[in-house]
Every structure is written in C-alpha cells, then in structure tokens.
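Report on one structure; see the data block that follows.
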Amino acid sequence: MREAKITVKSDTMSSGESQKMDLVSFGGYAEKNRVHYARYEESEMTGMEGSVTTIKWWDDQVTLIRHGSYSMQQEFKEGMTHRCMYHTPYMDIPIAVTTSRLNVERISSGWRLELQYDLSYGEGDGETNRMKLEILVEPEAEKDGEN
C-alpha cells in the first residue's frame, strides 16, 4: 500500500438540521484487479478510536468496511438498499442504507467518491438521516520500481 491522504466530508441532515464534519486522515491506498482500496485508522474525533476503516470501490459501487471496537460493512450502489448490523462496544444496531446517488471520479490528485444516501436505524421504524459524503483519496506519487 502507498501512503495516502484521505479526506472525508460529511453532511448529515436529521430532524431538519444539518451537521457537517470534515476529517483528514493519513493511511494507505492500493489497487488490485481494477478494485481500489483506501485504509485509515479512526480517530478520537469520530468517537470510533480503535477501529480501522477500509473503503473499497469500483466504477459503480463503494463498500465501507470497519473493523475494531466498532465494526460493520456497508454497501453503496445507486438505487440499492443494503441492510447490515453495526456492532459497537455497547450494543448491536441494525441499519439500512438506501443509495440515491453515487459518483466515482478519477481526479488529478487521486479519486473523489460522492455518496448520497438515507441511513435508517432499527428495524425500519427508526430514525432516518439523509447523508452526503465526499471522500477524497490522494495517494503519494509512485516511486520508481513500484507497480
């Protein structure tokens, strides 16, 4: 894996209020068989310290995998609803994500992933948040001899 700067910009709309957060992490980037991977450690700022997040993407799909004290696997594909269990140190929470927009774009410094989705908690009768994520993955330039 090459070193990479990973910037996550989130906008959560809940109960008519917007909450924005920008987080910059340093981790790794790799590509294998036309699938891209970025990995970083969660910080105290996110409240998920002790967890590692891996973002895996193709042209039309993004998977977010978290391992550690907080763990889950979310699948994002435009028009798809994905249900999973969010494991926390305190309890397991069923969640569902319904992706309304997904854009994967190669940019000069790396990759831009844009996601818009509804996030529901519980068994379908819980609170729903409208989420927007922009993820920028900026790998270090390849060194001579690297593939």
Do the non-hydrogen side-chain atoms of V35 and K32 ever get within less than 4.5 Å of each other? no

Which residues share a ring pair (Phe, Tyr, Trp, His ring centres under 6.0 Å) with F76, sequence neighbours left out: Y117

Measuring from S43:OG to M48:CE, what's the distance to the nearest 0.5 Å? 8.0 Å

What is the distance from atom NE2 of H87 to atom OG of S51, rounded to the nearest 0.5 Å? 12.0 Å

CG (D59) with more than 12 external heavy atoms under 6.0 Å: no

Check: V62 and L64 side chains under 4.5 Å, non-hydrogen atoms: no

More than 12 heavy atoms of other groups within 6.0 Å of E78 CD: yes

To the nearest 0.5 angstrom, please state how far the NZ atom of K132 sits from the CG atom of D11. 6.0 Å

Under 3.5 Å: donor-acceptor pair, side chain of T88, backbone of Y90: yes

Does the side chain to side chain donor-acceptor pair (under 3.5 Å) test come out yes or no for Q19 and T12, once each step is laid out? CA-CA 5 Å; Q19 180 180 356; T12 304; 5.7 Å; no

Which residue in the set V8, I107, V24, I6 passes side chain to side chain contact (heavy atoms under 4.5 Å, CB included) when paired with L136? I107

Could you grab the distance from atom CE of M91 to atom OH of Y86, nearest 0.5 Å is fine? 11.0 Å

Give the intermediate values and the outcome of side chain to side chain contact (heavy atoms under 4.5 Å, CB included) for residues V137 and H36. CA-CA 10 Å; V137 180; H36 304 271; over 6 Å; no

Does any part of the side chain of L113, heavy atoms only, come nearer than 4.5 Å to the side chain of L133, both counted from C-beta? no

Just wondering, more than 12 heavy atoms not from R34 lying within 6.0 Å of its CZ? no

In terms of heavy-atom contacts, P139 and A4 come closest through CA-CB, 3.8 Å

For the pair E105 and R112, find out whether any cationic side-chain nitrogen is under 4.0 Å from an anionic carboxylate oxygen. yes

Of all heavy-atom pairs between M1 and A30, which one has the smallest distance, and what is that distance? CG-CB, 3.8 Å

Indicate if M80 and W58 have the same hydrophobic cluster label, given that clusters are the connected sets of ILVMFWY residues with side-chain heavy-atom separations under 4.5 angstrom. no

Do P94 and R83 make a side-chain contact, defined as non-hydrogen atoms from C-beta onward lying under 4.5 Å apart? no

Heavy-atom closest contact (E41 atom, S25 atom, distance): O-OG, 4.3 Å

Kindly check if the number of other-residue, nucleotide or ligand heavy atoms within 6.0 Å of CZ (R66) is above 12? yes

Just wondering, are more than 12 heavy atoms of other shown residues or ligands nearer than 6.0 Å to CZ in R130? no

Test item: Y40 and Y29 side chains (from C-beta on) under 4.5 Å apart, heavy atoms: no

Are any side-chain N or O atoms of S14 and backbone N or O atoms of N129, one a donor and one an acceptor, separated by less than 3.5 Å? no

Nearest 0.5 Å, what's the CG-CG distance between D60 and L102? 7.5 Å

Minimum side-chain heavy-atom gap I95-Q74 below 4.5 Å: yes

Hydrophobic clustering (ILVMFWY, side-chain heavy atoms < 4.5 Å, transitive) - are I65 and I55 grouped together? no

Parallel, tilted or perpendicular: which fits the ring planes of W111 and W57, with parallel below 30° and perpendicular above 60°? perpendicular

Considering only heavy atoms from C-beta outward, does the side chain of Q73 approach that of E75 to under 4.5 Å? yes

Does some side-chain heavy atom of T99 sit less than 4.5 Å from a side-chain heavy atom of K77? no

dist M131:CE -> S100:OG (nearest 0.5 Å) comes out at 12.0 Å

